[in-house]
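Since the structure comes first, as structure tokens, the remarks are kept for the end.
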Amino acid sequence: MDLEEQKKAVIEKLIREGYIKSKRVIDALLKVPREEFVPEHLKKYAYVDSPLDIGYGQTISAIHMVGMMSELLDLKPGMKVLEIGTGCGYHAAVTAEIVGEDGLVVSIERIPELAEKAEKTLRKLGYDNVIVIVGDGSLGYEPLAPYDRIYTTAAGPKIPEPLIKQLKDGGKLLMPVGRYLQKLVLAEKRGDEVIIKDCGAVAFVPLIGKEGFYD
Ligand code: SAM
């Protein structure tokens, strides 16, 4: 099978297994070329549904995780989304496909070399609705707040207070929480209330920063 056939096959499998169901998420996963975001020697494994090494001790997220997180966040066209942990930019590209030209993805990465490479790939593929910023995303990104949706692609000790502050009323935040035993947590802001839902066990790299681990 060539890469395009492998991509279709893995997405059909994710639909069958119930990870993804909405047309928006399915179309976005079909559109984004994951092979463009992985190192040259791993291109042939681009549609293996698992994290792959992208250097600097970091990984590209598994395809089912990107699809599942997009479904849980209920992303819609026109939304402004904050992503913490750009990595290689693949997940940002999937989000950018869903929010479309009227939406915006603000993505923060703490490792400058990864941010630079991700930005190059995103520009090459024409994702002009993604802004990549180098910094500590555990503090969010105040200048462009508030956001309709916020998600982190690294696991922190708790949901950082600045992220809740930077979320719009009615907005949703999704992040893995925990050091060794992690769970994916969905938070919905309703006025002064934050409603928390546990979305199951996951395994992510650590969120490193002031509101994360090891700062
Ligand atoms: N989003 C990526 C993708 O497209 O597959 C996966 C990202 S990888 C699993 C997690 C990323 O979070 C790493 O690149 C890591 O450097 C970054 N990270 C960890 N702590 C961070 C922080 N405080 N601010 C910004 N990025 C952070």
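This chain uses plain numbering: 1 for the first residue, then up along the sequence. Both ligands and their constituent atoms are indexed starting at 1 by order of listing. Keep in mind that this is a model prediction, so the values were computed, not measured.
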(Q) Counting non-hydrogen protein atoms only, what is the nearest one to atom 2 (C) of ligand 1? Give residue, atom name and distance. (A) T86 O, 3.4 Å

Q) Do ligand 1 and G137 have nitrogen or oxygen atoms that lie under 3.5 Å from each other? A) yes

**Q.** Which of the ligand 1 atoms, numbered from 1, are nearer than 4.0 Å to a heavy atom of I111
**A.** 16 (O)

Q) Hey, are Y45 and S50 close enough side-chain-wise for a donor-acceptor pair under 3.5 Å? A) no

Q) Which heavy atom of the protein is the closest neighbour of atom 19 (C) of ligand 1, given with residue, atom name and distance? A) P206 O, 3.6 Å

Q) How far is atom 23 (N) of ligand 1 from its nearest protein heavy atom, and which residue and atom name does that atom have? A) I208 O, 2.7 Å

Q) Given side chains that start at C-beta, do those of L125 and P33 come closer than 4.5 Å, heavy atoms only? A) yes

Q: Search all heavy atoms of I63 against all heavy atoms of A46 and return the closest pair with its distance.
A: CD1-O, 4.0 Å

Q. Considering only heavy atoms of Y90, which atoms of ligand 1 have at least one such atom less than 4.0 Å away?
A. 4 (O)

Q: Determine whether the side chain, the backbone, both or neither of T153 has a heavy atom under 4.0 Å from any heavy atom of ligand 1.
A: both

Q: Number the atoms of ligand 1 from 1 as they appear, then name those within less than 4.0 Å of a heavy atom of G135, with their elements.
A: 24 (N), 25 (C)

Q) Just wondering, are more than 12 heavy atoms of other shown residues or ligands nearer than 6.0 Å to CD in E188? A) yes

(Q) Working note: V106 + E83, criterion side chain to side chain contact (heavy atoms under 4.5 Å, CB included); need CA distance, chi angles, decisive distance, verdict. (A) CA-CA 6 Å; V106 180; E83 176 189 70; over 6 Å; no

Q: Considering the heavy atoms of V205, write down every atom of ligand 1 situated less than 4.0 Å from one of them.
A: 9 (C), 10 (C)

**Q.** N or O pair under 3.5 Å between D136 and ligand 1
**A.** yes

Q. Should V105 and V99 count as side-chain neighbours, where that means a heavy-atom distance under 4.5 Å?
A. yes

(Q) List the residues meeting ring-ring contact (aromatic ring centres under 6.0 Å, His included) with Y147, not counting sequence neighbours, and say none if there are none. (A) none

**Q.** Contact atoms of ligand 1, heavy-atom distance to S138 under 4.0 Å
**A.** 23 (N)

Q | Under 3.5 Å side-chain donor-acceptor pair for E5 and Y47 | A | no

Q: Report the residues that fulfil ring-ring contact (aromatic ring centres under 6.0 Å, His included) with Y19, sequence neighbours left out, ordered by chain and then residue number.
A: H64

Q. Quick one: which of G89, A92, G85, P51 has a heavy atom closest to atom 1 (N) of ligand 1?
A. G85

Q. Quick one: nearest non-hydrogen protein atom to atom 13 (C) of ligand 1, plus distance?
A. Q58 OE1, 3.2 Å

(Q) Between M69 and T95, is there a side-chain heavy-atom distance shorter than 4.5 Å? (A) no

Q) What's the verdict on salt bridge (Lys or Arg N to Asp or Glu O under 4.0 Å) for K44 and E35, showing C-alpha distance, side-chain angles and the deciding distance? A) CA-CA 8 Å; K44 57 179 177 294; E35 64 273 23; over 6 Å; no

Q: Provide the number and element of each atom of ligand 1 under 4.0 Å from a heavy atom of I60.
A: 5 (O)

**Q.** From E109, K210, R34, H91 - option closest to atom 16 (O) of ligand 1 by heavy atom
**A.** E109

**Q.** ligand 1 contact on L207 by region, counting heavy-atom pairs under 4.0 Å
**A.** both

(Q) Counting non-hydrogen protein atoms only, what is the nearest one to atom 5 (O) of ligand 1? Give residue, atom name and distance. (A) S61 N, 2.7 Å

(Q) Name the residue from K13, K8, K7 that meets the side-chain contact (heavy atoms from CB on, under 4.5 Å) definition with I11. (A) K7

Q: Answer yes or no: are there more than 12 heavy-atom neighbours, outside K31 itself, under 6.0 Å from its atom NZ?
A: no

Q | G212 near ligand 1 by a heavy-atom separation under 4.0 Å | A | no

Q) At a non-hydrogen distance cut-off of under 4.0 Å, which region of L114 contacts ligand 1 (side chain, backbone, both, or neither)? A) side chain

Q: Considering only non-hydrogen protein atoms, determine which one is nearest to atom 8 (S) of ligand 1 and report residue, atom name and distance to 0.1 Å.
A: T59 O, 3.2 Å

Q: Within a distance under 4.0 Å of any heavy atom of I108, pick out the atoms of ligand 1 and give their elements.
A: 25 (C), 26 (N)

(Q) Give me the nearest non-hydrogen protein atom to atom 27 (C) of ligand 1 as residue plus atom name, then the distance to 0.1 Å. (A) R110 CG, 3.6 Å

